[in-house]
Each structure stands twice: as C-alpha cells, then as structure tokens.
There are 2 protein chains.
Amino acid sequence: MQNNDAISATISFGNLHDAVVDRIRGMILDGALKPGEWLRMDDLATKFGVSTVPVREALRQLQAEGLVTFHPRRGAMVARISAAHYEEIYLIREQLEKLACRFAAEDFERVPMARLKQLLDEIEIAETKRDVPRRLQLVREYFFTIFSASQKEHLLRILSTLWDLSQQYRRYFSSVPEVITQRLAHYRMLYQACAARDADALSRVLDEIHTFGRTHLIPRLREEEKQNLER
Amino acid sequence: MQNNDAISATISFGNLHDAVVDRIRGMILDGALKPGEWLRMDDLATKFGVSTVPVREALRQLQAEGLVTFHPRRGAMVARISAAHYEEIYLIREQLEKLACRFAAEDFERVPMARLKQLLDEIEIAETKRDVPRRLQLVREYFFTIFSASQKEHLLRILSTLWDLSQQYRRYFSSVPEVITQRLAHYRMLYQACAARDADALSRVLDEIHTFGRTHLIPRLREEEKQNLER
DNA sequence: TAAAAATCAAATATCATATATTCGATAATT
DNA sequence: AATTATCGAATATATGATATTTGATTTTTA
C-alpha cells in the first residue's frame with residue numbers, strides 16, 4: 001500500500017530534506033497544522049514515507065525560521081505567535097519592505113509589469129470566487145514580485161520568513177470584508193506606482209499599507225487575543 | 001584517549017544539537033573555519049566526539065542562519081560572503097538597529113548604564129592590549145546591551161544572525177588604526193546619548209555609525225575584493 | 001583520451017538508549 | 001471509609017549511534 005502523502009514518489013531527485021521542509025512549512029502555513037500542535041516525528045515520517053532523520057532536520061530548520069519551537073525531550077511544536085509578536089514582526093517588515101522597494105525603485109525595468117498585472121487580475125478573480133487560500137498565495141507572490149526586483153538575496157530571505165511568521169495573521173483577517181476591499185485598493189495603488197515608475201509614490205503606498213495594519217489590524221488582534229484569554 | 005574538543009564531556013545535559021551548533025558557529029566566527037572551507041561531517045563528528053546526526057542537524061541550522069551553504073551530494077561549506085552581500089547586510093542592519101534603538105529609547109530605564117560603562121572601559125583596555133578577538137566580542141556585547149532594551153525577541157534574533165554574517169568583515173577592519181579610533185569615538189557617543197536619555201541623539205549617532213560604514217568601509221572592501229580577483 | 005572501476009562521503013534507514021509522562025497502586029490524611 | 005497525594009513502573013517518544021545505500025569524483029587501464 002502506497003501512502004498518497006509519500007514524498008519519495010513525488011520527488012524523484014533532489015534531497016528529502018528540502019522536500020520535507022517544504023511540506024511541513026506548507027502544512028503550517030495553510031493551517032493544516034495549528035499553533036501549539038505537537039509535531040510527532042514518527043507520524044510525520046510515516047506520513048511522508050521517509051525515516052525520522054530528514055524529518056528531524058526539517059523541523060530544526062523550521063525552528064531556525066521561527067515556525068517551530070523545540071522543547072527538550074518533549075519534541076517540536078508549531079510555534080504560538082502572540083499579538084505582541086505580530087506587532088513586532090510587522091514593524092520589522094515595514095522597515096525591510098520599504099528598503100526592498102527602495103532597491104527595486106533603483107531600476108524599475110526589473111519589475112515585470114505584465115506579471116504584476118496578471119497577478120492583480122488573478123487576485124481579484126480569487127476574491128470574487130471567495131477562494132481565500134488562493135488569494136493569500138497570490139498576494140504573497142504579488143508583493144514578492146516587486147521585492148524581488150531589489151535583487152537582494154538576504155533581504156528576500158528574511159522577508160520570506162517574516163511573511164511565513166505572519167501568515168496566520170493574514171489568514172485571520174482574510175475574511176473581514178472591509179479589510180479585503182481596503183487591501184485590494186492598496187494592491188492597485190502599488191501597481192500604479194510601479195507603472196508610473198515613481199519611487200516616491202511607491203514609498204508612500206507602502207507607508208499607507210503598513211499604517212493601515214498598525215492602526216486598524218494590530219489593535220483588533222490585540223483585542224481578539226484578550227477576549228480569547230478571558231474565555 | 002579523550003579528545004579535548006569532545007562535547008559530551010563538557011555538556012552533560014541538554015541536547016548535543018545546540019552544543020554542536022554553538023561550537024561550529026564559534027569556529028566560523030573566530031576564523032578557525034574559513035569561508036569556502038568544506039565542512040566534512042565525519043571529521044566534525046569525530047572532532048566533537050559525537051555521531052554525524054547532530055552535526056548534520058547543526059549544519060542545517062547554520063544554513064538557515066546563512067553561515068553555511070549546502071551543495072547537494074557534495075556537502076556543507078562555510079558561506080562565502082561577497083562585498084555586495086556585506087553591503088546588503090549592512091543596509092538591513094542599519095534599518096533594524098535604528099528600529100531597535102527606537103524601541104530601547106521608549107524606556108531608557110531598561111538600558112543598564114553601569115554595564116554599558118563597564119563594557120566601554122573593557123573595550124578600551126582590550127584595545128590598548130591589542131587583543132582584537134576580545135575587543136570584537138566586547139563591542140558586540142556593547143551594542144546588544146543597548147539593542148536588548150528593545151525587548152523585541154525576533155528583532156534581536158535577526159540582528160544576531162546579521163552580526164554573525166558580518167563578523168568576517170568586522171575582523172577584516174579590526175586592524176586598521178583609523179577605523180578603530182573612529183569606532184571608539186562612536187562607542188563613546190552611543191554611551192553619552194544613552195546617559196543623556198536622548199532618543200534623537202541616539203538615532204543620530206547610529207546614523208553616523210552606519211554612514212561611516214557605508215562611505216568609508218564598504219568601498220574599501222569592494223576595492224579589496226577586486227584586487228583579490230585580479231590576483 | 002575515454003570508459004570503467006574503485007573510492008569516498010553524503011544521505012537515509014535502522015537500531016539503541018535515555019527521558020518525560022502517564023497511569024495505577026498504595027499509603028496517608030481528613 | 002473515602003479521597004487525595006505520592007511513588008513507581010510502564011509506555012511512548014525524542015535523541016543519538018551505527019549501518020547501508022546512493023551518488024559523485026577520481027584514478028587507472030585499455
């Protein structure tokens with residue numbers, strides 16, 4: 001009997017380590033593995049059809065990324081991220097995304113506008129279809145299409161892990177209608193700033209995006225967390 | 001015969017993974033392992049008196065931190081960091097260190113001034129003794145004593161890995177007299193800004209520190225790299 | 001010079017050990 | 001007498017060592 005989740009069948013080349021990392025990270029990001037959930041190495045290994053060794057390595061890497069916490073002799077667990085942590089992560093993202101856009105704006109030729117337009121359209125389609133997971137995925141790709149024009153390896157790596165860490169938070173707000181319409185407006189403004197090759201406008205839009213998060217979303221999240229604790 | 005480098009003897013509890021990570025990271029940071037050098041898992045394992053498993057895990061974590069690169073079926077190697085990478089890392093550090101100081105300045109009470117003074121004195125002593133490794137260590141501790149007042153877990157973690165990545169560069173300049181005197185002046189200015197509980201002054205000093213790096217050190221490093229390639 | 005074999009090390013699996021947790025039994029206290 | 005607390009054994013699972021396999025590189029021979 002062959003397990004459908006088995007990796008060995010799907011990945012014929014490359015190493016198991018990276019494949020396992022991607023699988024587990026994916027499961028955490030789309031909520032299949034929830035914060036606070038224990039990650040039993042044996043279970044994951046049999047699920048993926050591999051031994052425990054690549055699983056352990058994968059979990060260690062995810063720990064380094066902040067998505068997983070290790071508890072000595074107890075095992076690994078999906079990281080619990082508090083509202084305070086989200087706030088911190090967002091402030092870091094704000095600075096680094098501004099930096100990435102500054103680099104990108106040094107040469108707008110590197111921003112693939114056609115791809116950006118396509119993603120923007122697909123985001124709106126996903127929204128009309130109420131396909132939240134797909135929209136989240138597309139939005140991420142949209143932003144990173146812009147960030148990538150910075151051609152800054154480390155910056156992109158750090159931003160990528162920060163987006164991973166704030167994924168839960170994004171999913172949490174992905175069903176609030178006012179937030180969605182506001183965000184869609186922001187995405188369009190980003191596109192226009194890039195299309196106009198206007199570095200200042202790009203910077204302003206990014207500011208607006210993050211100010212909206214700071215003033216509207218983070219307080220809401222703090223409130224929500226307080227309610228959860230009281231219950 | 002007992003190997004002096006053996007970890008098992010020194011670390012009786014906790015897991016080997018963390019101990020091995022610290023050891024290898026330490027060896028990279030103080031130059032015992034040089035950029036481009038292959039990290040043979042067998043060798044490291046026997047050197048530390050452990051099996052290859054914790055070594056592999058440690059190398060994977062260091063890969064996530066950016067200190068080590070993996071080459072499929074070839075092994076792990078100490079990361080080579082180009083002048084362009086240093087420049088990028090420094091620009092990221094600039095933004096994040098300003099952010100950390102902004103948080104720290106929200107409540108100067110959290111900055112342990114006595115400790116800061118002590119470190120500043122020790123830095124100057126280490127300098128008169130020409131003890132470069134110790135000075136590098138102390139300077140790092142000095143900055144992180146300030147950053148830590150931000151009480152921002154993720155920010156500190158990211159800054160820590162960025163300092164690790166720029167360690168080679170710091171060592172490279174640690175023997176240039178003009179750089180040292182300029183840096184010592186910067187450290188004193190940092191102390192004074194904190195002592196005066198002046199957030200603006202702190203921000204200005206940090207700006208000056210990074211501007212000096214950008215205008216004087218990075219170009220020098222680029223030049224050096226070019227010469228190395230020509231040779 | 002090219003091909004094949006030998007060698008070497010990483011990648012993965014399997015096996016062993018150590019530790020934390022849980023459950024049950026017994027004792028102690030109310 | 002009943003309930004709770006504590007101690008110990010059993011179980012589960014992380015952690016670490018050893019063994020095997022796979023892939024790549026180098027060397028040797030035709």
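All values below were derived from every heavy atom in this structure, side-chain atoms included, with hydrogens, water molecules and symmetry-related copies excluded. Reminder, nothing fancy here: chain letters follow the sequence lines and each chain counts from 1.
For the 3.5 Å distance criterion, the side chains of A:His17 and A:Glu57 qualify, holding a donor opposite an acceptor.
Between A:His216 and A:Phe212, the ring-plane angle classifies as parallel under the 30° and 60° cut-offs. Ring geometry, B:Trp163 versus B:Phe144: the interplanar angle exceeds 60°, so the pair is classed perpendicular (tilted spans 30 to 60°).
Phosphate contact (OP1/OP2 of D:dA14, side-chain N/O of A:Arg74, threshold under 4.0 Å): absent. Using a 4.0 Å cut-off, some side-chain N or O of B:Arg56 falls inside it from OP1 or OP2 of C:dA11. At the phosphate of D:dA24, neither OP1 nor OP2 sits under 4.0 Å from any side-chain N or O atom of B:Arg73.
When each of D:dA17, D:dT13, C:dA13 is scored by its nearest atom to the side-chain atoms of A:Pro54, the top-ranked nucleotide is C:dA13. In this structure, the nucleotide among C:dA13, C:dA11, D:dA14 sitting nearest to the side chain of A:Arg40 is D:dA14. With D:dA14, C:dA10, C:dA13 as the candidates, the nucleotide lying closest to the side chain of A:Met41 is D:dA14. Side-chain proximity of B:Leu16 to D:dA14, D:dA17, C:dT12: nearest is D:dA17.
Surrounding CZ of B:Arg157 are more than 12 heavy atoms belonging to other residues, nucleotides or ligands, all under 6.0 Å away.
Note: CG (B:Asp42) to P (C:dT12) measures 16 Å, nearest angstrom. One atom, CH2 of A:Trp38, and another, P of D:dT13, lie 12 Å apart when rounded to the nearest Å. Here C:dA20 presents its C1' atom at 16 Å from CZ of A:Phe70, a figure rounded to the nearest Å. In this structure, NE2 of A:His17 is placed 14 Å from P of C:dA13, rounded to the nearest angstrom. Atom pair A:Glu57:CD and C:dA11:C1' shows a separation of 8 Å (rounding to whole Å applied). Rounded to whole angstrom, the span from the CG atom of B:Leu59 across to the C1' atom of C:dA10 amounts to 11 Å. Distance B:Asn15 CG to C:dA20 P: 12 Å, rounded to the nearest Å. Rounded to an integer number of Å, the gap from CG of A:Leu44 to C1' of D:dT13 is 13 Å.
A donor-acceptor contact shorter than 3.5 Å is absent between the side chain of B:Arg25 and the backbone of B:Val20.
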